[in-house]
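These notes concern the structure reproduced below.
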Amino acid sequence: MIEFQHVFKAYGQSANILADINFKIDSGEFVFISGPSGAGKSTLLKLIGGLEAPSRGSITVKGERIDKITARAMPYLRRSVGIILQDTHLLYDRSAFENVMLPLAVMGLPTDVAAARARAAIVKVGLGGKEKLNPIALSGGEQQRLAIARAIVNRPSILIADEPTANLDQENAHLILDVFRDFNRVGVTTLIASHDRPLLQSYSNRTLLIEPGRFTDLGYH
Ligand SMILES: Nc1ncnc2c1ncn2[C@@H]1O[C@H](COP(=O)(O)OP(=O)(O)OP(=O)(O)O)[C@@H](O)[C@H]1O
């Protein structure tokens, strides 16, 4: 489902952030990307989501070589990958519900169908009843859940999240990881970047470790 072959990534003229990365993730896997700050976790996720291009090497996502993808095929790929970046990019000039409706606007769905989907996504992340609130009125954990609702409303087959538990206490961090776990259980391939290894170790999953100049597939535990 996701395959990196000899992938290198440097920004501009800088040294390689990622060098000769090779791995394969099958459909339905639950994978953590772990490693210290600045090692390249966000970069790896952005490469998978097509938000950054590799400097060298091939990246295949859902059978498409995304390093060679045409501009026309990119929107389709983007819809099949739900991305939650470190800064959630929620919009604070509209309600929680309207935030989740945004990705549906370009889909051309009838308004009632789109609204039903948005409501279902909000309920799935445990925010039923909070649709009308401005995201600013939600706690950090709730805002993170709203960002997840927005990422899954297009029913992506791959979900990637960058440090979704940063700034959350242990209890809320587990609630967020449980939300991802639930999506994974219904078949969504899930990748989560986090430097919080003790937190990750309480979940049974596969871990890819990125350290400066080193990439290790730790497998399952
Ligand atoms: N757009 C960019 N332009 C130039 N350098 C960048 C860019 N994005 C990231 N970098 C650099 O690439 C390196 C890896 O960054 P990245 O954000 O991928 O690491 P990370 O492991 O996700 O770190 P953190 O846990 O702190 O988010 C860092 O040195 C960063 O400064």
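Counting starts at 1 for both ligands and their atoms, following the listed order. Numbers here simply count residues along the sequence, with the first being 1. Just so you know, these numbers use all the heavy atoms, side chains as well, and skip hydrogens, waters and symmetry mates.
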Less than 4.5 Å apart, side chain to side chain, heavy atoms only: is that true for Thr60 and Ile2?
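No. Closest side-chain heavy atoms not under 4.5 Å.
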
Give me the atom names and distance for the closest heavy-atom approach of Asn134 to Arg94.
ND2-O, 3.7 Å

Within a 6.0 Å radius of atom NE2 on His195, are there more than 12 heavy atoms belonging to other residues, nucleotides or ligands?
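Atom NE2 in His195 is not crowded, with 12 or fewer foreign heavy atoms closer than 6.0 Å.
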
Check the surroundings of atom CZ in Arg65: do more than 12 heavy atoms from other residues, nucleotides or ligands lie under 6.0 Å from it?
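Atom CZ in Arg65 is crowded, with more than 12 foreign heavy atoms closer than 6.0 Å.
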
Using distance only, find each side-chain donor-acceptor pair of residues 26-40 under 3.5 Å and give its atom names and separation, not counting sequence neighbours.
unit_1 : atom_1 : unit_2 : atom_2 : d
Glu29  : OE1    : Arg206 : NH1    : 3.1
Glu29  : OE1    : Tyr220 : OH     : 2.2
Glu29  : OE2    : Asp26  : N      : 2.6
Glu29  : OE2    : Arg206 : NH1    : 3.0
Ser34  : OG     : Ser194 : O      : 3.4

Could you name the protein residues that come within less than 4.0 Å of ligand 1, counting only heavy atoms, and order them by chain and residue number?
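Ligand 1 pocket, heavy atoms under 4.0 Å: Tyr11, Ile17, Pro36, Ser37, Gly38, Ala39, Gly40, Lys41, Ser42, Thr43, Gln86, Glu163.
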
Looking at Arg119 and Glu131, does any basic side-chain N land under 4.0 Å from a carboxylate oxygen?
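Not counted as a salt bridge, because no side-chain N and carboxylate O are separated by less than 4.0 Å.
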
